[in-house]
Number of protein chains: 2
Amino acid sequence: MARRDEVLDAALELLDEVGLDALTVRRLAAKLGVQPGALYRHYPSKAALLDSMVDRIAAGVPEAEAGLAWDVHARWIARAVRAAMLARRDGARLIATFDRPGPAGVASWRGFTGALAVAGLPPEAAAAAADTVFAYVNGFTIEEQARLDQRARADRDAQFEAGLAIIVGGIKAVLEDPATATGTRAGPGRPRS
Amino acid sequence: MARRDEVLDAALELLDEVGLDALTVRRLAAKLGVQPGALYRHYPSKAALLDSMVDRIAAGVPEAEAGLAWDVHARWIARAVRAAMLARRDGARLIATFDRPGPAGVASWRGFTGALAVAGLPPEAAAAAADTVFAYVNGFTIEEQARLDQRARADRDAQFEAGLAIIVGGIKAVLEDPATATGTRAGPGRPRS
DNA sequence: ACCTGAACACCGTTCAAGT
DNA sequence: ACCTGAACACCGTTCAAGT
């Protein structure tokens, strides 16, 4: 069981060194000083190894404090998920491509929808709000990490926060007026202000 | 020039048939009744072929009507981009992995930020709002298309619309009160209702 | 328990040569 | 202009055999 973890550690190191596209069973074996076939004693396939890597990256998101206000919770979880993805080269693409339900991800989701429920959102609306936040974080971070013309980290942070503010504001609007949640259903011809 | 397009058409067909992971130069050559090396007369590399496929998928998003209200424009462009991605197997993952600036994508972005500017949003806020919508659409659709336990299309549509309503609501809040855009800057200790 | 050696069926890509 | 034939340097995976 110890060797299995050494293989996983080496794989994560190799990911940072060469990127996801060059992360090869054979290169990993060379890094470990071993024949390629030897790795199949520890993982049944490369896909299984990648799944374990995803779990490890997802585990980088700590549990939220209990009793956080929903909007503080929202910003906190969004930043934590983005940070965990950015911590590894191609982390966002890796997670997007090999998304399992994943116990760590499920826990984050439950914690956040719980906070939204406490704030008064019905379960369905809470789920929609949480899914929206996570879709935004994933979409933003995948694109951010894929871009070759890397802008400064501060600029990317500011852009991330701007989008986050929009979404938190949108959830607040739903909390204050649940009719908003159905989108245009209120009638397309009605003037708005 | 005609043969180049035939290769591209065959590649898009093959994508629908076998999926992105099995989309292979050799399989494509077989489908065309040709030796693998022959394809390099038309595309300098597999990556170049994939880029062309992305362009074609992105071209599935038509130009927006002029003079649309910003919120109608927002919902329209979000739905159009999602629809274009869903029209091809693994379309979202393909686009996310091989995102070029892309003339079609740039046109969509300009059209939408233009509508937001007309509504009174300063350029920086309009860019942030547009980026947020596109990040959401990409994140949502990648996950949607990757899931193996496919729910009914109607359910997925409803969930997409719910997230869209949140984001449109958030942009509306920024339009009505630009101070919202800076997120928590107003002071974390302040009670909210 | 862990690894070697050697093979199998694949990849993307190059390039002289043919028509 | 387009394709063949043949090769090159890689892939992931399997499995008997060794220690």
Side-chain angles (χ1 to χ4, degrees), chain A residues 1-57 88-90 93-100 146 148, chain B residues 1-57 88-90 93-100 146 148:
Chain A
M1 209 100 299
R3 193 77 242 249
R4 198 175 193 272
D5 287 344
E6 285 175 28
V7 172
L8 181 54
D9 287 342
L12 288 162
E13 264 182 42
L14 187 59
L15 176 64
D16 279 339
E17 289 164 14
V18 302
L20 185 57
D21 293 329
L23 180 67
T24 256
V25 170
R26 298 177 107 97
R27 245 187 279 259
L28 178 56
K31 187 181 170 70
L32 287 161
V34 126
Q35 295 297 316
L39 298 180
Y40 289 80
R41 191 96 0 205
H42 307 292
Y43 289 91
S45 68
K46 185 185 180 181
L49 210 206
L50 292 171
D51 279 347
S52 290
M53 293 171 73
V54 167
D55 287 347
R56 195 64 153 246
I57 292 172
R88 292 283 175 188
R89 166 124 80 132
D90 295 327
R93 205 173 99 218
L94 176 59
I95 284 187
T97 315
F98 296 87
D99 210 5
R100 308 284 120 224
L148 305 116
Chain B
M1 210 97 306
R3 194 75 242 250
R4 196 174 194 272
D5 288 343
E6 285 174 28
V7 171
L8 181 53
D9 287 341
L12 288 161
E13 264 181 42
L14 188 58
L15 176 64
D16 280 338
E17 289 164 14
V18 302
L20 186 56
D21 293 329
L23 180 68
T24 258
V25 170
R26 299 177 107 96
R27 245 187 279 259
L28 178 56
K31 187 180 170 71
L32 287 162
V34 126
Q35 296 296 317
L39 298 180
Y40 290 79
R41 190 92 6 201
H42 309 291
Y43 289 91
S45 66
K46 184 184 180 182
L49 212 206
L50 292 171
D51 280 346
S52 290
M53 293 172 73
V54 167
D55 287 346
R56 197 59 156 248
I57 292 173
R88 292 283 176 189
R89 166 125 77 131
D90 296 328
R93 205 173 99 218
L94 177 58
I95 284 187
T97 315
F98 295 88
D99 210 5
R100 309 282 121 224
L148 304 116

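Here the structure is a predicted model, which means the values were calculated and not measured. Quick note on labels: first sequence line is chain A, next is B, and so on, each numbered from 1.
Residue B/Arg41 places none of its side-chain N or O atoms closer than 4.0 Å to OP1 or OP2 of C/dC15. Regarding contacts with the backbone of D/dC3, a side-chain N or O of B/His42 is found under 4.0 angstrom from either OP1 or OP2. Considering only side-chain N and O atoms, A/Tyr40 lies under 4.0 angstrom from the phosphate OP1 or OP2 of D/dT13. Between A/Thr24 and D/dG12 there is a side-chain N or O to OP1 or OP2 distance below 4.0 Å. Between A/Arg27 and D/dC11, a side-chain N or O to OP1/OP2 separation shorter than 4.0 Å is present.
Put simply, CG on A/Asp21 is 13 Å from C1' on C/dG12, counting in whole angstrom units. A straight line from NZ of A/Lys46 to P of D/dG12 spans 4 Å, rounded to a whole angstrom. In this entry the distance linking OH of A/Tyr43 with P of C/dC3 reads 13 Å, nearest Å. C/dA1 atom C1' lies 13 Å from atom CD of A/Glu6, rounded to whole Å. Between the CG atom of B/Leu39 and the C1' atom of D/dC3 there is a distance of 10 Å, rounded to whole Å. In this structure, A/Arg26 atom CZ and C/dA7 atom P are separated by 13 Å, rounded to whole Å. Going from atom CG of B/Asp5 over to atom P of D/dA1 covers 17 Å, rounded to whole Å.
When the nucleotides C/dC3, C/dT13, D/dC11 are ranked by their closest atom to the side chain of B/Ser45, C/dT13 comes out on top. Among the nucleotides C/dG12, D/dT4, D/dT13, the one closest to any side-chain atom of B/Gln35 is D/dT4. Side-chain proximity of A/Val25 to the nucleotides C/dG12, D/dT13, C/dC3 is greatest for D/dT13. Residue A/Val34 has its side chain nearest to C/dT4 when only C/dC2, D/dC3, C/dT4 are considered.
Looking at B/Ser45, its side chain does come within 3.5 Å of a backbone N or O of B/Ala48 through a donor-acceptor pair. In this structure, the side chain of B/Asp16 engages the main chain of B/Arg89 through a donor-acceptor pair within 3.5 Å. In this structure, the side chain of A/Arg88 does not engage the main chain of A/Leu15 through any donor-acceptor pair within 3.5 Å.
C/dC8 is paired with D/dG12 under the criterion used here, namely a Watson-Crick or G-U wobble arrangement in which both key atom distances are under 3.5 Å. Base pairing of C/dG18 is made with D/dC2, judged by Watson-Crick or G-U wobble geometry with both donor-acceptor distances under 3.5 Å.
No salt bridge links A/Asp51 with A/Arg56; every basic N to acidic carboxylate O contact stays at or beyond 4.0 Å. Salt-bridge annotation for A/Lys31 and A/Glu13: present, with a side-chain N of the basic residue lying under 4.0 Å from a carboxylate O of the acidic one.
Across the interface with DNA chain D, nearest-nucleotide mapping of A/Ala22 and A/Gly37 shows A/Ala22 to be the residue nearer the 5′ end.
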